[in-house]
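FYI, side chains are in, hydrogens and waters are out, and symmetry mates aren't considered; it's all heavy atoms of this structure. Just so we're clear, the structure is a prediction, and the values are computed from it rather than from any experiment. Residue numbers begin at 1 in each chain, while the letters A, B, ... track the order of the sequences.
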2 protein chains.
Amino acid sequence: MSELQWKSALYHLRSQIVSGELIGGTKLRASHLSETMGISRTPISEALIKLEAEGLLIKDKSGYTVRSFALNDVFDAIDLRGLLEGAAVQRAAQIGISDTALTDLETLLADIDSVIESGSVADYDQLNIALHKQLTSLCESEILIAEVNRSYRFPFASPSAFPTRNSDNKRFLASLYVGQAQHRQLVSAIANREGSRAFAIAVEHARLAHANVHAAVSARESSPQLALVNAAP
Amino acid sequence: MSELQWKSALYHLRSQIVSGELIGGTKLRASHLSETMGISRTPISEALIKLEAEGLLIKDKSGYTVRSFALNDVFDAIDLRGLLEGAAVQRAAQIGISDTALTDLETLLADIDSVIESGSVADYDQLNIALHKQLTSLCESEILIAEVNRSYRFPFASPSAFPTRNSDNKRFLASLYVGQAQHRQLVSAIANREGSRAFAIAVEHARLAHANVHAAVSARESSPQLALVNAAP
DNA sequence: ATCATTTTATTTGCATGCAAAATAATCAAT
DNA sequence: ATTGATTATTTTGCATGCAAATAAAATGAT
């Protein structure tokens with residue numbers, strides 16, 4: 001497992017940014033990072049270029065700066081994900097899916113049911129992501145799939161954002177049930193070739209995350225997914 | 001005008017790819033490009049990384065390859081643009097726009113009318129892009145605006161694709177009139193705060209490009225925008 | 001103190017050298 | 001001829017040196 005230098009720099013910097021360790025507005029200097037990380041500037045620069053393309057860094061005439069996110073950016077990113085996932089499932093419904101694909105989806109639904117009962121949030125996360133990926137893949141558009149996945153690049157916009165924490169919280173538990181009900185509606189809509197229904201459900205499903213963000217903010221929970229978001233003005 | 005080396009490499013390579021001079025599947029070697037372009041490998045590598053992030057190149061374990069586009073990728077990219085522009089104008093309609101913004105839009109509409117009459121396709125292109133940018137900007141979501149602009153990165157998906165050529169062609173002239181009618185409908189929907197109408201018109205407006213692609217393909221026109229698309233299977 | 005100007009220190013953009021990896025070429029054996 | 005092993009060539013990934021650009025510090029003027 002050759003651990004390329006630029007990759008480890010990329011992963012390290014990205015995790016520092018999304019964890020909030022590097023707050024918005026921080027200037028990142030290749031020469032300085034090179035010293036602290038003990039690797040040369042060339043692979044650091046590569047990592048910085050890629051992080052800029054991901055939208056986590058902004059480049060001005062001299063140097064990179066960690067991007068600041070306001071709360072409305074969070075909502076916009078969530079809505080963007082809903083829009084793109086919606087387009088994907090709408091197309092999936094229109095073209096129809098195979099029996100085996102439907103069986104796979106139903107297996108995933110059942111698995112998610114059991115992890116909700118068992119309360120294992122880590123497993124829920126993983127299965128939830130798997131279901132979303134599976135649903136998206138059914139649209140048979142490489143370009144659309146790539147854009148849906150790209151919309152997950154900000155941690156607060158990923159489908160697995162917020163539900164993962166505070167599993168003993170009632171409101172959170174309710175949102176799990178609602179979300180899972182929407183998953184079932186989504187699969188049903190696709191199976192029945194109801195494209196616009198599938199679209200609407202996916203958009204609304206993403207909107208669940210709005211409520212979770214609001215809850216996290218008003219409870220002043222230090223949610224890891226919100227670490228890279230600036231204090232509200 | 002400081003002409004950075006990596007920028008000129010980026011522009012040069014990008015234009016070679018979108019013009020079809022470099023066809024899909026071609027392998028791009030930094031060392032070789034360095035010699036032919038007379039600049040060192042470092043800025044070449046930067047350009048290649050950025051082109052990969054743009055989706056024009058694919059990187060396998062060793063080296064970059066020019067991406068191949070099939071015809072269905074073209075339609076998918078056009079639909080993606082329609083979806084994102086649609087989301088932007090829907091939001092614009094929902095939040096409402098200022099009087100001055102509406103005046104600006106109407107000025108652009110009138111300008112487009114006159115260039116259609118005068119038949120200057122280059123001017124049409126520029127004004128059409130300007131109108132689309134203006135419309136998109138009204139959604140007041142930095143994140144959405146960025147994604148709409150990103151959806152223009154493949155030349156065949158940009159709003160100014162196909163209409164620019166064969167201005168003496170009847171079918172093409174008709175599509176200009178239809179497109180401009182849709183522009184007016186779009187502005188009217190936004191002014192009237194009719195969000196879902198605006199969305200639907202934007203999606204349909206992008207679909208005009210489908211017909212232009214079909215026409216270009218069946219006429220075997222060597223359309224510059226289709227240069228990077230592979231021969232149909 | 002505030003601001004402008006010069007000086008000093010960093011930092012970036014680019015070139016290039018080099019080892020490790022990958023590709024291409026050569027040859028051997030079936 | 002095809003396959004496999006060996007060698008030669010190219011290419012990448014990384015390190016690093018250097019000039020030009022940028023930021024920071026120091027100095028001086030009001």
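The side-chain hydrogen bond (donor to acceptor under 3.5 Å, both in side chains) pairs that include a residue from residues 34-49 of chain B number zero, where partners must be two or more places apart or lie in different chains. Under the salt bridge (Lys or Arg N to Asp or Glu O under 4.0 Å) criterion, the residue pairs touching residues 87-96 of chain B are A/Asp76-B/Arg91, with sequence neighbours excluded.
B/Lys27 meets the side-chain contact (heavy atoms from CB on, under 4.5 Å) test with B/Arg29, B/Asp60, B/Ser62, B/Thr65; sequence neighbours excluded. Applying the salt bridge (Lys or Arg N to Asp or Glu O under 4.0 Å) rule to B/Arg14 yields the partners B/Glu54; only residues at least two apart in sequence or on another chain are considered. Considering only residues two or more places apart in sequence or on other chains, B/His32 meets the ring-ring contact (aromatic ring centres under 6.0 Å, His included) condition with none of them.
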TODO: Going 5' to 3' through nucleotides 10-15 of chain C, assign each nucleotide B (protein heavy atom under 4.0 Å from a base atom), S (under 4.0 Å only from sugar-phosphate atoms) or - (no protein heavy atom that close).
DONE: -SBBBB
